[in-house]
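See below for the structure under consideration.
Side chains are part of it too, since the values below use all heavy atoms of this structure and drop only hydrogens, waters and symmetry mates.
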Amino acid sequence: MNAPGATTPSQTVGPYLHIGLPWPDGPFALAEGTEGGFWIRGTLYDGAQAPITDGLIETWQADPEGRFDHPDDARGARAWPAFRGFGRSATDERGGFGVYTLKPGGVPGTGGAMQAPHIDVSVFARGMLNRTVTRIYFPDEAEANAADPVLSAVPEPERATLIARPAEDGYRFDIRLQGEDETVFFDI
């Protein structure tokens, strides 16, 4: 039992991220209308499989050649035209989110092993003291996915939660925080 006047977890994390962090072009990791651009859309669900209407999704990724425009890229930062590699989308009244982007290339991993093309995702939602992190892999990269050292470390039945599905304007990737078909999250 908490001491009188003490805060509880439900009092310390509200929908602040949803209110304070989005900006008008946040969902655009790539300038809208750029050749090769597509949407990744999905719905964020809670443990009761109800849509989370005040969540926030962040994505970051390499460019189509697997490079980052960041000084931590050991090969040197390199910009890709009209691409910033970072997107942020608040969830809407149905729990939906979307990020307009380019398909990334493979990225060198630990020990030189190539990682399959993927997009890193942070999930913020009410009641969570810390973000959760997952990845989006692409269904048309079966060979690269099979060789990916991170995806290979996930038990086979759960890997499907990390692979997007084709959609009319790009890909669909739903995120389930708990329950049946819970998305795999990484301990970072």
Answer yes or no: is there a side-chain heavy-atom contact under 4.5 Å between Phe38 and Glu168?
-> no
When Ile40, Leu162, Ile57 are each screened for side chain to side chain contact (heavy atoms under 4.5 Å, CB included) with Val121, the one that passes is Ile57
Specify whether Phe138 and Tyr171 have parallel, tilted or perpendicular ring planes, treating 30° as the upper limit for parallel and 60° as the lower limit for perpendicular.
-> perpendicular
Heavy-atom count around Asp187 CG within 6.0 Å, excluding the residue itself: above 12?
-> no
Should Leu177 and Phe173 be counted in the same cluster of Ile, Leu, Val, Met, Phe, Trp and Tyr side chains packed under 4.5 Å apart?
-> yes
Run the numbers on Ile163 and Arg135 for side chain to side chain contact (heavy atoms under 4.5 Å, CB included), then give the verdict.
-> CA-CA 8 Å; Ile163 300 174; Arg135 284 184 168 186; over 6 Å; no
Please examine the side chains of Val150 and Gln115, heavy atoms only from C-beta on, and report whether any two atoms are closer than 4.5 Å.
-> yes
Are Glu65 and Arg78 ion-paired here, with the side-chain N under 4.0 Å from a carboxylate O?
-> yes
Step-by-step side chain to side chain contact (heavy atoms under 4.5 Å, CB included) determination, Asp174 to Arg165 = CA-CA 9 Å; Asp174 294 329; Arg165 300 185 319 264; 4.0 Å; yes
Side-chain donor-acceptor contact under 3.5 Å, Tyr137 with Asp148 | yes
Main-chain N/O of Arg176 paired with Thr183 side-chain donor or acceptor, under 3.5 Å = yes
Would you name the heavy atoms of Ala147 and Ser152 that are closest together and state the gap between them?
-> C-OG, 4.2 Å
Kindly write out the residues that satisfy side-chain hydrogen bond (donor to acceptor under 3.5 Å, both in side chains) with Arg94, not counting sequence neighbours, or none if the list is empty.
-> none
Intermediate values then yes/no, side chain to side chain contact (heavy atoms under 4.5 Å, CB included), Thr34 and Glu32 = CA-CA 6 Å; Thr34 302; Glu32 190 171 17; over 6 Å; no
Test side chain to side chain contact (heavy atoms under 4.5 Å, CB included) applied to Thr43 and Arg172, step by step | CA-CA 9 Å; Thr43 301; Arg172 175 132 194 117; 2.8 Å; yes
Can you measure from CG (Leu151) to CD (Glu156) and round to the nearest 0.5 angstrom?
-> 9.5 Å
Same hydrophobic cluster for Ile119 and Val99, using side-chain heavy-atom links shorter than 4.5 Å among ILVMFWY?
-> no
What pair of heavy atoms forms the shortest contact from Ala116 to Asn145, and how long is it?
-> CB-OD1, 3.4 Å
Just by modelled atom types, is the Gly55 backbone N or O under 3.5 Å from a matching donor or acceptor in the Thr91 side chain?
-> yes
Any Lys/Arg nitrogen of Asp140 or Lys103 sitting under 4.0 Å from an Asp/Glu carboxylate oxygen of the other?
-> yes
First locate atom CD1 of Ile175, then atom CG of Leu44, and finally report the distance between them rounded to the nearest 0.5 Å.
-> 6.0 Å
Just by modelled atom types, is the Ala77 backbone N or O under 3.5 Å from a matching donor or acceptor in the Asp73 side chain?
-> no
Shared hydrophobic cluster, Tyr45 / Met128 (ILVMFWY, side-chain heavy atoms < 4.5 Å) | no
Return yes if some donor-acceptor pair links the side-chain N/O of Thr53 with the main-chain N/O of Asp92 below 3.5 Å, else return no.
-> no
Thr132 versus Phe186: any side-chain heavy-atom pair under 4.5 Å?
-> no
Under 6.0 Å between the ring centres of Trp60 and Phe86?
-> no
Nearest heavy-atom approach of Gly106 to Pro117 is N-CG, 3.9 Å
Please walk me through it: do Trp39 and Phe28 pass ring pair (Phe, Tyr, Trp, His ring centres under 6.0 Å)?
-> CA-CA 9 Å; Trp39 283 96; Phe28 295 95; 5.4 Å; yes
Would you say Arg159 and Thr161 make side-chain contact, with heavy atoms under 4.5 Å?
-> no
Among Asp25, Leu30, Thr101, Asp63, the one residue meeting side chain to side chain contact (heavy atoms under 4.5 Å, CB included) with Arg84 = Asp25
Nearest heavy-atom pair of Gly98 and Pro27: which atoms, and what distance?
-> O-CB, 3.4 Å
Trp80 versus Leu102, closest heavy-atom pair with distance | NE1-CD1, 3.4 Å
Carboxylate-amine/guanidinium contact Arg88 Glu58, below 4.0 Å = yes
Got Pro108 and Met114 here, is their nearest side-chain heavy-atom distance under 4.5 Å?
-> yes
Determine the minimum heavy-atom distance between Pro104 and Ala62, stating which atoms define it.
-> CB-O, 3.3 Å
Looking at Arg67 and Asp69, does any basic side-chain N land under 4.0 Å from a carboxylate oxygen?
-> no
